[in-house]
Amino acid sequence: MLDQIHLLAAVTVLGVLEQAYFFLQVIYARRLFGISPPKISGPPEFERIFRAQVNSSEYFPIFLALLWQAGLFFHQGVAAALGLLYLYARYCYFMGYKASSSERLAPIYFSAGVLWILIAASALGILHSLLSHYMGLNILQLFTA
C-alpha cells in the first residue's frame with residue numbers, strides 16, 4: 001500500500017512546508033511593518049502578504065482532498081505531478097501578490113486550472129471505481145474497445 005501513496009505523501013509534506021513558509025513571511029512582515037496580532041491592516045505591502053497567505057491557506061484543504069482522491073482513485077503519478085504544479089503556481093502567486101496585487105492573477109488562474117484538472121481526475125477515478133465495483137463495468141476497457 002505504501003508504494004501506492006509515497007508520491008502523494010511527499011507532495012503533501014512539500015505543501016505543508018510551503019504553508020509554513022507563507023506563515024513565516026507574515027510573521028516577518030508583521031515585524032518589518034510593526035503590526036502586532038490581531039491587527040490585519042497596515043501598509044499595502046503588509047496587507048498583500050497577509051492576504052496571499054490567508055488565501056493560500058484557505059485553498060490548502062481543497063488541494064489536499066483533491067490530491068489524495070485523484071492519487072488514490074485515478075493515478076498517483078499524475079496526481080503528484082499536478083500537485084507539484086499547483087504548489088509551484090501557489091508559490092508564484094504568493095511572490096507575485098507580495099510584489100503587486102496585479103501580479104497574482106496569472107498564477108491564481110493557473111492554480112485554479114490545476115485544481116479543476118484534479119477534480120476531473122478524481123471524478124473519473126471515483127466513477128470508474130463505482131462502476132467497476134457495483135456494476136462490473138470497466139470504463140477503461142470501453143474506451144479502448
Side-chain angles (χ1 to χ4, degrees), residues 1-33 35-40 45-145:
M1 174 71 179
L2 289 179
D3 61 331
Q4 296 173 354
I5 62 170
H6 63 279
L7 295 176
L8 301 174
V11 172
T12 299
V13 170
L14 286 174
V16 169
L17 291 173
E18 181 177 68
Q19 289 297 306
Y21 173 75
F22 295 161
F23 292 140
L24 288 173
Q25 291 301 301
V26 172
I27 291 169
Y28 297 145
R30 285 188 179 281
R31 290 179 184 156
L32 178 67
F33 297 108
I35 300 170
S36 299
K39 291 182 185 176
I40 58 171
E45 296 83 2
F46 168 77
E47 289 182 6
R48 287 195 310 266
I49 293 168
F50 181 79
R51 278 304 314 151
Q53 180 270 317
V54 169
N55 186 274
S56 295
S57 66
E58 289 170 346
Y59 275 86
F60 194 61
I62 296 167
F63 162 69
L64 286 180
L66 292 173
L67 172 74
W68 280 86
Q69 287 179 89
L72 293 174
F73 289 99
F74 187 77
H75 189 276
Q76 177 189 204
V78 171
L82 289 168
L84 290 174
L85 278 175
Y86 177 84
L87 294 177
Y88 176 72
R90 271 295 161 170
Y91 177 78
C92 292
Y93 165 81
F94 187 90
M95 299 311 284
Y97 207 170
K98 186 176 176 180
S100 164
S101 61
S102 63
E103 290 188 40
R104 78 190 195 289
L105 296 176
I108 196 72
Y109 294 144
F110 184 78
S111 66
V114 173
L115 286 179
W116 281 109
I117 295 169
L118 283 169
I119 289 170
S122 297
L124 285 173
I126 292 168
L127 178 64
H128 170 68
S129 180
L130 289 172
L131 290 175
S132 175
H133 183 74
Y134 291 106
M135 301 180 82
L137 293 175
N138 185 339
I139 58 175
L140 296 177
Q141 287 178 344
L142 295 175
F143 288 124
T144 58

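Position 1 is the first residue of the sequence, and the numbers go up from there.
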Once rounded to the nearest 0.5 Å, what's the spacing between atom [atom1] of [X] and atom [atom2] of [Y]?
X	Y	atom1	atom2	answer
I49	Q53	CD1	CD	10.5 Å
Y97	L105	OH	CG	9.0 Å
F46	R31	CZ	CZ	12.5 Å
F63	W68	CZ	CH2	11.0 Å
Y86	E18	OH	CD	8.0 Å
S129	F73	OG	CZ	5.0 Å

Could you pull out every donor-acceptor pair under 3.5 Å between side chains of residues 109-121 and any protein atom, sequence neighbours left out?
residue	atom	partner	partner atom	Å
S111	OG	P107	O	3.3
S111	OG	I108	O	3.0

Just wondering, more than 12 heavy atoms not from [X] lying within 6.0 Å of its [atom1]?
X	atom1	result
L127	CG	yes
F23	CZ	yes
F60	CZ	yes

| query | At their closest point, which heavy atom of G77 faces which heavy atom of L7, and how far apart are they? | reply |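 The pair with the smallest heavy-atom distance is CA-CD1, 4.1 Å.
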Is there a donor-acceptor pair closer than 3.5 Å between any side-chain N or O of [X] and the backbone N or O of [Y]?
X	Y	result
Q76	H6	yes
Q69	G125	no
R104	Y93	no

| R30 side chain reached by I40 side chain, heavy atoms, under 4.5 Å |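 Side-chain contact under 4.5 Å: yes.
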| query | What do the steps show when you test L137 against H128 for side-chain contact (heavy atoms from CB on, under 4.5 Å), and what is the final call? | reply | CA-CA 8 Å; L137 293 175; H128 170 68; over 6 Å; no
| Mind checking whether Y21 and Y91 have parallel, tilted or perpendicular rings, split at 30° and 60°? |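 Correct class here is tilted.
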| field | Full working for side-chain contact (heavy atoms from CB on, under 4.5 Å) between Y59 and R90 | value | CA-CA 10 Å; Y59 275 86; R90 271 295 161 170; 3.5 Å; yes
| said: Quick one, Q19 with L87, criterion side-chain contact (heavy atoms from CB on, under 4.5 Å). Give me CA distance, side-chain angles, the key distance, then yes/no. | reply: CA-CA 10 Å; Q19 289 297 306; L87 294 177; over 6 Å; no
